[in-house]
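Here the structure comes first, spelled out in structure tokens, and everything after it is commentary.
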Amino acid sequence: MALQERTRDTAPIAVPDTTAEWRGGSIRAQLWVLTGRQIRSMYGDTRLALFSLLQPLIMLLLLSEIFGSMANRDDFPHGVRYIDYLVPALLVTTGIGSAQGAGVGLVKDMDNGIVARFRVLPTRLPLVLVARSLADLLRVFTELLVLLACGTVFFGFRPSGGVLGTAAALLLTVFVIWSLIWCFIALAAWLRSVEVMSSIAVLVMFPLMFASSAFVPLKGLPEWLQVVAKVNPVTYAVDGSRRLALGWDLGLGVVGALGTSAVLLALAGFVAAKCFQRAPNA
Amino acid sequence: MIEAAGVCKSFGDVHALNGVDIEVARGKVLGLLGHNGAGKTTLVNILSTVSPPTAGTVRVAGYDVTTQGAAVRARIGVTGQFASVDEYLSGYGNLVLIARLLGAGRRQAAARATELLELFRLTEAAKQPSRTYSGGMRRRLDLAASLVGRPDVLFLDEPTTGLDPTTRIALWETVEGLVADGTTVLLTTQYLDEADRLADWITVLSKGRVIASGTSGRLKAELGSRAVHAALTPDSDLSAATGALAAAGFQPRPDPERHALSTPVDTSADIAAVVRALDTVGAELVELTVKEPSLDDVYLALTQSPTALAGAA
Ligand SMILES: Nc1ncnc2c1ncn2[C@@H]1O[C@H](COP(=O)(O)OP(=O)(O)OP(=O)(O)O)[C@@H](O)[C@H]1O
Ligand SMILES: [Mg+2]
């Protein structure tokens, strides 16, 4: 009855019809659009971008001052300057620090209403995570480039591996960091809380960084830390990066780093996609 | 376009839905009413593939929501209870993003965004980040976002909550326009006038069950009541008047504070009978009003007395 009583003093507003049917873009198109959105929102906050670039510089300054005298010790590799020893490792540790940001970023993203929108669009949800990881990887890559540039210009970083060796070290690091970014993404998709994320990140990060050969040779560590450092994937990553940059023979470092990262990547990717698929209100 | 049978949803011990059946034909509007926590949003989430049902089968636009989710999502539009847009993107940016994800090219997406912004009167704020929008603007942007893909089925979860009257009416007109073009709509609301105006069919949920459904006219006829309200002059005897109406077979409710009484009536002849009965005890009237049945009555009758349900369910 209400129907018949309906009065229409205005003509119904027709939604204009200009396009053919859209039933969901291709994987490539969706990934492109989603990654673009992530990158744009990342550099939307220039303060964040600035501070994340400052961080590696401060580390560079502090560490080269604090541990600089290491190079005079007997157990330090002979004929290697500390800065050349430090920078390849700093690539890895700086990357780990930034990888953490991916987790916090994803939790924030999940609080942003747009993810609820993605869930009712024909969007392939794992692509949202891939986009996140690629954008974060770009951010880390930029930071590492800045680190290398500053190390070269202000601190006289001239590794014996040359430009090629350094580039290889950078690529290896980027791959390792990508797998760590996925670990943090998986944690975020599972925990869905910035606070829990940050505390876990600290819990995981510092032992990873310091119980490794990153800043001092393994032999310089106390005995029990040496044991931890030997099973620490960061040790492999640092070792691989250092060997590439310094032009040493590759040993197990590079293969170990690639292997552990690939396994980590597959595992974390699976967990992340699984956890993210479930809506918070499902 | 929407067929749900025996839909159940449990969150641990909370049984949010207990066997809900609904059906909406193409181009029709279903109004879903229910108090807070009745299960409206839960049902919308299931119909829009966001959350899987614990039991039951659901088909939307011809596809099963659990096994053919992507096909369903390609054909629906959802405006949830809470705005789902990117706060950091502009209104324009949001709409373009959604169009691109749906498969539109760059230029098509831009054109679609522009026309929707115009339709929802957001053109001026188009380039500002949506977090700077007022509540009503964000709601409109949300609605625009759910229309980008020209959905066959539209879900609106309390779409006009927090909107000013002008915007509400404009939104109603937009929905009516979409329906005229063949869009199927499921709308949840707390406002009975909204359901009355937009819905072809009304379903009332309570504690996860359908407790009544029908056209708004039928629900009103069965559950709503017409009432006569009589205000008496100060020197008329209220209790005598109440007695006279009771004697005439009515169920009068006296209101001593206002020196008035009201009684449910069925036919127009009853109204005359009320006046005559009052006349027999010499009660003089200050005012006599007849209240037509409204959905509010239906809703109150349903949600307050469980015995009233049997007839309408
Ligand atoms: N994710 C969840 N976990 C546990 N319980 C839930 C969850 N989502 C909903 N519920 C419960 O299910 C019931 C129905 O909730 P729902 O959100 O569907 O109500 P509603 O009818 O939309 O209410 P409102 O009018 O307040 O929006 C409530 O009792 C609620 O507490
Ligand atoms: Mg709700």
Side-chain angles (χ1 to χ4, degrees), chain A residues 1-34 36-38 40-45 108-125 127-128 131 277-282, chain B residues 41-42 45 48-52 70-71 73-78 80 82-89 93-94 97-104 108 111-112 115-116 119 142 145-150 155 170 173-174 176-181 183 195-200 215-218 220:
Chain A
M1 251 161 274
L3 262 184
Q4 280 91 47
E5 281 161 19
R6 261 184 212 174
T7 49
R8 277 244 177 82
D9 36 9
T10 49
I13 305 169
V15 173
D17 199 65
T18 50
T19 45
E21 292 191 328
W22 299 330
R23 296 279 187 239
S26 66
I27 293 187
R28 244 189 50 194
Q30 289 191 344
L31 185 60
W32 179 250
V33 172
L34 288 169
R37 165 184 168 267
Q38 291 286 6
R40 246 171 279 130
S41 79
M42 209 165 59
Y43 287 103
D45 196 342
K108 290 217 179 105
D109 252 4
M110 285 197 279
D111 288 339
N112 185 334
I114 194 73
V115 172
R117 172 70 56 195
F118 290 156
R119 290 183 192 282
V120 292
L121 285 172
T123 317
R124 293 161 187 87
L125 281 180
L127 289 185
V128 177
Q277 191 80 38
R278 196 179 55 80
N281 51 355
Chain B
T41 300
T42 306
N45 281 344
S48 57
T49 79
V50 170
S51 129
R73 285 191 288 277
R75 289 162 177 84
I76 61 173
V78 184
F82 308 101
S84 28
V85 290
D86 191 328
E87 297 107 79
Y88 299 96
L89 285 179
N94 267 291
L97 172 69
I98 291 165
R100 300 288 319 264
L101 287 175
L102 279 162
Q108 295 171 306
R112 183 72 179 143
E115 71 190 356
L116 281 170
L119 178 68
D142 211 21
S146 60
L147 294 179
V148 171
R150 236 175 285 287
F155 296 101
E173 284 170 355
T174 308
E176 282 165 349
L178 290 166
V179 171
D181 290 345
T183 307
D196 215 355
R197 165 153 180 183
L198 292 177
D200 300 302
T215 60
S216 108
R218 204 188 115 205
K220 279 193 246 173

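Each chain gets a letter, A, B and so on, in the order its sequence line appears, and its residues count up from 1.
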Working to the nearest 0.5 Å, report the span between [atom1] of [X] and [atom2] of [Y].
X	Y	atom1	atom2	value
A:Q30	B:R100	CD	CZ	10.5 Å
B:L97	A:R37	CG	CZ	6.5 Å
A:L34	B:L101	CG	CG	5.0 Å

At a heavy-atom separation under 4.5 Å, does [X] approach chain A through its side chain, its backbone, both, or neither?
X	result
B:D86	both
B:D142	both
B:A71	neither
B:T49	side chain

Taking side chain as C-beta onward, heavy atoms only, is [X] less than 4.5 Å from [Y]?
X	Y	answer
A:R117	B:S146	yes
B:Y88	A:R40	no
A:L121	B:L102	yes

query = Backbone N or O of A:G113 within a donor-acceptor pair of the B:E87 side chain at under 3.5 Å?
reply = yes
ask   = If you tally heavy-atom pairs under 4.5 Å against chain A, which of B:A99, B:G149, B:A104 wins?
value = B:A104
message = Please identify, among B:T183, B:V78, B:V85, the residue contributing the most non-hydrogen atom pairs under 4.5 Å to chain A.
response =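 It is B:V85.
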Heavy-atom closest pair, residues B:R73 and A:R119 =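 In this case the closest contact between B:R73 and A:R119 is CD-O, 3.1 Å.
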inquiry  = Looking at every heavy atom in both A:P122 and B:A74, which two are closest together, and how far apart are they?
reply    =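 For A:P122 and B:A74, the tightest heavy-atom pair comes out as CG-CA, 3.9 Å.
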